[in-house]
Amino acid sequence: MNRAFLLFAFMVVCVTYPAHPQVREFQSPPTLVPVGPQAITKVTALMLGRKPTPSGGCEQGTIEVNGRITKVTLQEMYADSTIFNPDTNRMDPLHLRTYGGCNEGPLLTVSPGDQLRVKLINNLPVNDPSCLAPPPKGLTMPPGVGCFNTINLHLHGLHISPAGNSDNVLLNISPSSQFEYEFDIPEDHPAGTFWYHAHRHGSTAVQVSSGSSGVLVVRGNRPYTPPTSENPHPIADIDTILHTADGAPYPEQFFFLQQLAYACFSNPPGQDGGPWQSIFTANGPFTFNSPPIDPPTGPPSPANSKWICPMPDNHNHASPGVIENFTLQLDSASIWDTNGRFTSINGIVQPTLIVPAGQIQRWRFVHAGVHDTINLQIVPAVAQTDKNNLIAESKFKGSRQEQEADVLQQCPAAEQTLVPQFEIASDGLTLKRIHTLAGRSISGADGANYLQPGYRSDILVAFPHEGWYCLLDQAAAPGQRFQPGSGKGGGSGRSVPQLLGIIRVVGGQSINGDLEQYIEEALYTVNPQLPEPVRSGLKTGNIEPWAPLVESPPATPGPQQKALFAINASPHGPPLFQINGQSYDPNVVNFRRQVNTTDDWSLSSIGEPHIFHIHVNPFEVMDVRRVLPNGRELSIFDADGRCKRDLPKDPQGLASQYCGMWHTFRDTVFVENNYRVLIRTTYDRYIGEFVIHCHVLDHEDAGMMLNIEIVPDLNAPGGGLGMAGMKHGP
Ligand SMILES: [Cu+2]
């Protein structure tokens with residue numbers, strides 16, 4: 001399509017559909033201020049193909065690109081901002097720990113072979129009540145949780161060194177100090193969608209649910225090259241084939257999905273800095289004396305009612321929305337179901353995105369939330385004229401529960417009308433086949449894109465006709481959700497669909513016929529340089545030449561590794577969050593393995609689902625098995641890797657989100673009760689200590705994490721590290 005026409009269409013849109021005061025425009029992630037000799041070039045590059053993002057007061061960081069070295073300054077700081085609350089139809093004030101001042105950290109972009117240097121400046125106050133022993137009354141926390149002003153930085157999904165000043169999550173960066181990270185991205189690193197976030201044990205959940213996270217994109221320009229006997233699978237980047245006929249990359253959009261768990265606290269006069277003991281809720285103050293939060297059923301009480309932010313006056317001293325009390329705000333399986341907060345996109349609740357019909361776009365989704373499963377669907381809205389503007393017509397008011405009827409009425413999901421999502425990468429890694437999520441089964445994996453905390457999904461999407469569309473977090477069966485509580489698998493409360501965003505399709509060209517064919521035909525047509533049959537493979541969704549990982553080496557002989565997630569009762573004190581019966585101890589190495597070996601791991605959960613994540617190396621999903629009550633295990637896949645249709649009925653509903661995962665490579669995976677997930681991972685290249693953990697980050701903080709150490713040679717003294725007998729300190 002002609003770019004001048006698109007520009008014209010865009011201008012027409014702006015003139016014809018002025019932003020309604022209540023319409024919140026979709027925004028791309030914030031970007032850093034370019035400095036240094038190449039600043040002008042960088043600014044130009046940043047503006048290409050994308051509207052400049054209003055800084056929103058978050059210019060508290062810089063980027064300097066000098067050849068292969070990208071220097072970034074990130075400030076961890078308290079910042080005052082706002083977020084829309086559909087419940088009250090106004091902006092709630094926020095006072096959160098952020099990277100640079102926005103609700104979402106700045107977009108970072110690197111290329112394979114780059115060195116990314118991040119100067120992480122911790123500008124949080126030294127005075128940290130969560131770091132006192134014991135903490136103030138009402139701020140009690142599980143063992144290991146606290147010191148919310150101590151930070152570090154993790155690049156999630158990157159294959160880089162976990163040691164020293166690289167992706168080392170065992171560092172503590174104290175308030176009022178700074179540290180310079182050097183991340184060497186290897187030349188052969190896959191291009192894809194990754195993210196970065198705070199990862200200091202004990203403060204991870206508080207900081208990430210406060211917005212200390214952002215998108216990290218690795219862009220690649222390595223074209224397809226034919227295999228040779230020496231290099232049977234040369235690396236090639238899918239970025240090189242996703243373009244229009246005139247060579248312009250498909251327009252891309254980032255959807256950084258956050259679950260900011262802010263609450264407004266009642267503080268005594270003159271004590272703006274805490275002590276964070278009493279949350280304003282619709283049913284009165286929620287304090288450490290309130291009844292337990294779980295389960296969310298039963299009569300309304302402060303513990304299971306929505307949080308409110310009253311305007312401060314002489315009678316109340318309401319704080320802005322903060323995240324300061326781990327136990328009240330995060331340490332509950334069901335709190336996100338009832339607290340009234342909405343999943344946001346790039347820091348905005350229910351934004352409206354404008355796209356032309358017929359245009360193929362690349363959408364990059366990152367689940368940067370802490371608690372809630374997101375079940376993505378795109379459906380046409382019922383209201384289809386500007387007069388019936390979904391927002392202006394006062395639809396979608398109230399809490400998620402109160403909006404449910406409007407969502408169901410305005411955004412009805414139907415098999416025939418669901419807009420298909422063509423997934424090309426999961427967890428940043430290009431798939432071997434395009435995974436079509438279309439409307440054959442509305443509640444099953446065919447119709448929805450299940451994102452669990454930590455997941456990424458890159459899709460190609462094209463809208464067939466002008467009109468309004470809803471981006472939904474669709475209601476999901478209990479067995480597909482993270483939220484536990486029943487003791488029998490996922491899903492405590494009733495799952496409620498949430499409107500995540502609105503898509504306004506204007507201009508462009510309608511598509512008649514099959515969307516899958518339209519996209520695959522487009523890929524075929526615009527890439528004439530590719531040899532047959534690689535090129536014709538695109539017509540059937542075969543993208544294996546651009547998949548960075550195709551097959552793991554066989555597992556090294558030896559015992560299989562296992563990770564059994566369970567919350568275990570403690571004889572004295574709060575429940576223990578454990579893997580293999582062990583709570584996290586930073587001084588213990590739980591697994592020691594040799595570099596360049598390959599292990600099979602068996603993952604399971606008891607009591608409620610958890611989310612497995614391993615640093616540094618991705619894994620291949622080898623199999624997913626239903627575990628029947630008699631202990632028998634049945635693979636959910638048939639010989640072709642498709643989900644079997646004849647499995648015995650699962651009372652929780654088949655966890656069909658696994659259906660597309662057969663032999664895919666990922667770094668994070670949902671582990672549902674009564675399932676066993678079998679994975680294979682190679683400890684490739686890097687030595688050092690890193691972690692596996694549950695990506696429900698409050699579980700991680702509370703102990704659901706283990707250390708793994710990769711050594712040069714298990715048979716050498718000390719695993720090959722240090723000199724034998726050498727003393728380390730006193
Ligand atoms: Cu967990």
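Both counts, for ligands and for their atoms, begin at 1 and track the order of listing.
When side chains are defined from C-beta on, M622 does not count as touching I679, because their heavy atoms never get closer than 4.5 Å.
Residues passing the side chain to side chain donor-acceptor pair (under 3.5 Å) test with S604: none are found, sequence neighbours excluded. Partners of C694 under the disulfide bond (SG atoms under 2.5 Å apart) rule, at least two apart in sequence or in another chain, do not exist in this structure. With sequence neighbours left out, the side chain to side chain donor-acceptor pair (under 3.5 Å) criterion links D585 to no other residue.
Tally of protein N, O or S atoms closer to the Cu ion (ligand 1) than 2.8 Å: 3.
Residues F577 and F565 keep their aromatic ring centres 6.0 Å or farther apart. The aromatic ring centroids of Y455 and Y450 lie 6.0 Å or more from each other.
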